[in-house]
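Single-structure report; data block below.
Atom set for the values below is all heavy atoms of this structure, side chains included, hydrogens, waters and symmetry mates excluded. Throughout, residue positions are numbered sequentially from 1 according to the sequence presented.
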Amino acid sequence: MSAIIEEDGSGYEPVKVLIAMHEGMDTMDVVGPLEVFSQAQHDMKNPESKAFRVIFAGTTEHVVTGQGASFRAHIDFTEAMKRLSEIDVLVIPGGGTEKLLKTKDQPFTIIKAFTELQKKNPARERTLYSVCTGSLFLAELGILSGLAATTHPDYITKMEIICSNAAQRDMADRCDVMEARYVVNNLRFDLGENEEENPYILSRKELKEHKRRKSSAGGPPSPIDERPNGGGRRTSGARKGSISLKMSNMRRESIIKRANLRLGGLRVITASGVTSGIDGALYLVGALVSDDCADEVARKMCHTWKKGVVVDGTDV
């Protein structure tokens with residue numbers, strides 16, 4: 001449908017984001033990333049330079065959240081499946097997960113299809129992004145095998161059980177489940193020669209140190225909070241966001257690298273509970289547009305961007 005293919009004639013090719021909605025989903029899991037993507041522009045002074053186009057898909061025209069809000073779908077899942085090859089980012093909100101974990105209804109099918117599409121065609125850069133308990137769907141499908149992931153803190157144990165069962169069922173590697181603001185696998189940009197200077201990431205080492213400091217009274221500021229948006233950010237030796245999304249889909253070396261990674265280089269991001277979806281979305285803005293854009297979006301939203309964990313860094 002036109003929600004996907006229409007362009008605005010501005011000369012900017014927006015990243016196409018599909019939010020796969022389901023009954024009982026959490027409102028904030030949708031609204032948080034939606035606000036971030038809607039605010040992002042290639043040129044923050046030019047409203048015509050929108051960096052993302054967001055499309056809603058649902059099993060019915062109107063999808064009601066767990067909080068009673070109603071969202072109108074642009075397309076149904078049948079149409080979404082037909083146009084899946086045009087999508088760059090698939091967002092899976094959480095909430096209302098128990099029923100779907102039993103029935104395996106949408107968004108299960110579209111998640112699986114999106115993953116298989118990347119494995120068959122790694123020439124395109126794609127991202128699978130779950131918010132809150134949406135990661136339980138990914139875990140049940142076995143997509144997180146051999147990766148690292150997070151979910152809502154109240155569901156960490158359930159996530160570990162699902163991942164363990166999926167690993168036994170598929171005879172695959174276990175998922176490294178951790179508590180973090182968000183977790184990124186197969187990131188977009190190089191970590192740089194000195195990871196300590198990268199403003200986008202919290203390494204495993206920093207995460208452990210953060211937990212140690214958190215449990216010690218009077219400890220120094222955590223590495224998550226000590227680099228707030230705006231002031232005091234250190235310059236990074238890593239590549240600032242995406243040189244060009246289009247170039248990454250054209251460069252032969254990028255395609256080869258993606259093909260050799262798990263899931264064909266599909267970037268898999270899982271965010272923790274509710275508002276963490278904003279932070280993970282800001283990471284994507286930094287990766288696909290620029291760090292300056294991500295900073296400006298956070299400023300306009302009056303939001304302090306809390307960084308997550310990035311694992312297995314490679315430039316794809």
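- With sequence neighbours excluded, the residues forming a salt bridge (charged side-chain N to carboxylate O under 4.0 Å, His left out) with Asp279 are Arg181, listed by chain and number.
- Glu116 pairs by the salt bridge (charged side-chain N to carboxylate O under 4.0 Å, His left out) definition with Lys112, Lys119, not counting sequence neighbours.
- For the pair Thr127/Leu90, no side-chain contact is recorded, criterion being any heavy-atom separation below 4.5 Å from C-beta on.
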* Please step through side-chain contact (heavy atoms from CB on, under 4.5 Å) for the pair Ile110 and Leu84, ending with a clear verdict. => CA-CA 8 Å; Ile110 200 165; Leu84 200 56; 3.8 Å; yes

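- Side-chain atoms of Tyr129 never come within 3.5 Å of backbone atoms of Ala271 as a donor-acceptor pair (strictly under, hydrogens ignored).
- Judged by distance alone, with hydrogens and angles left aside, the side-chain atoms of Thr109 form no donor-acceptor pair with the main-chain N or O of Gln106 at under 3.5 Å.
- Residue pairs satisfying the ring-ring contact (aromatic ring centres under 6.0 Å, His included) criterion with at least one member in residues 95-124, sequence neighbours excluded, are listed as follows: Phe108-Phe137.
- Ile278 places a side-chain heavy atom less than 4.5 Å from the side chain of Met28.
- Among all heavy-atom pairs drawn from Pro93 and Met25, the shortest one is CG-SD, 3.9 Å.
- In this structure, Asp88 contributes its side chain and Lys16 its backbone to a donor-acceptor pair below 3.5 Å.
- Put simply, the side chain of Ser290 gets close to the backbone of Cys293: a donor and an acceptor are under 3.5 Å apart.
- In plain terms, the two heavy atoms of Ala139 and Ala166 that are nearest each other are O-CB, 3.5 Å.
- Looking at Thr27 and Gln67, their side chains do bring a donor and an acceptor atom within 3.5 Å of each other.
- Phe52 has its side chain within reach of Val285: a pair of non-hydrogen atoms, C-beta onward, lies under 4.5 Å apart.
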* Take Leu100 and Thr97 through the side-chain contact (heavy atoms from CB on, under 4.5 Å) test and state the conclusion after the steps. => CA-CA 5 Å; Leu100 286 174; Thr97 55; 5.8 Å; no

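- Every residue was checked against the salt bridge (charged side-chain N to carboxylate O under 4.0 Å, His left out) condition with Arg174, not counting sequence neighbours, and none meets it.
- Shortest non-hydrogen contact noted between Leu18 and Ala57 is CD1-CB, 3.7 Å.
- Using a 4.5 Å heavy-atom cutoff, the side chains of Leu128 and Arg267 are not in contact.
- Proximity of Leu117 to Ile87: side-chain heavy atoms (C-beta onward) are nowhere separated by under 4.5 Å.
- Applying the side-chain hydrogen bond (donor to acceptor under 3.5 Å, both in side chains) rule to pairs touching residues 145-159 yields Ser135-Thr151, sequence neighbours excluded.
- Remark: the backbone N or O of Pro14 is not paired with any side-chain donor or acceptor of Lys50 at under 3.5 angstrom.
- The backbone N or O of Leu34 lies less than 3.5 Å from a partner atom in the side chain of Ser38, making a donor-acceptor pair.
- Ring geometry for Phe56 against Phe71 counts as perpendicular: the plane angle is over 60°, on a 0 to 90° scale with 30° as the lower cut.
- Proximity of a side-chain donor or acceptor of Thr65 to a complementary backbone N or O of Ala69 within less than 3.5 Å is detected.
- Checking side-chain atoms of Gln41 against main-chain N and O of Asp43 turns up a donor-acceptor pair under 3.5 Å.
- The shortest side-chain heavy-atom distance between His22 and Val63 does not fall under the 4.5 Å cut-off.
- The shortest distance between side-chain heavy atoms of Val36 and Pro33 does not fall below 4.5 Å.
- The salt bridge (charged side-chain N to carboxylate O under 4.0 Å, His left out) check on Lys104 picks up Glu140, with sequence neighbours excluded.
- Side chain of Asp170 to backbone of Ala172: no donor-acceptor contact under 3.5 angstrom is found.
- Formation of a donor-acceptor pair under 3.5 Å by the Asn186 side chain with backbone atoms of Leu266 is found in this model.
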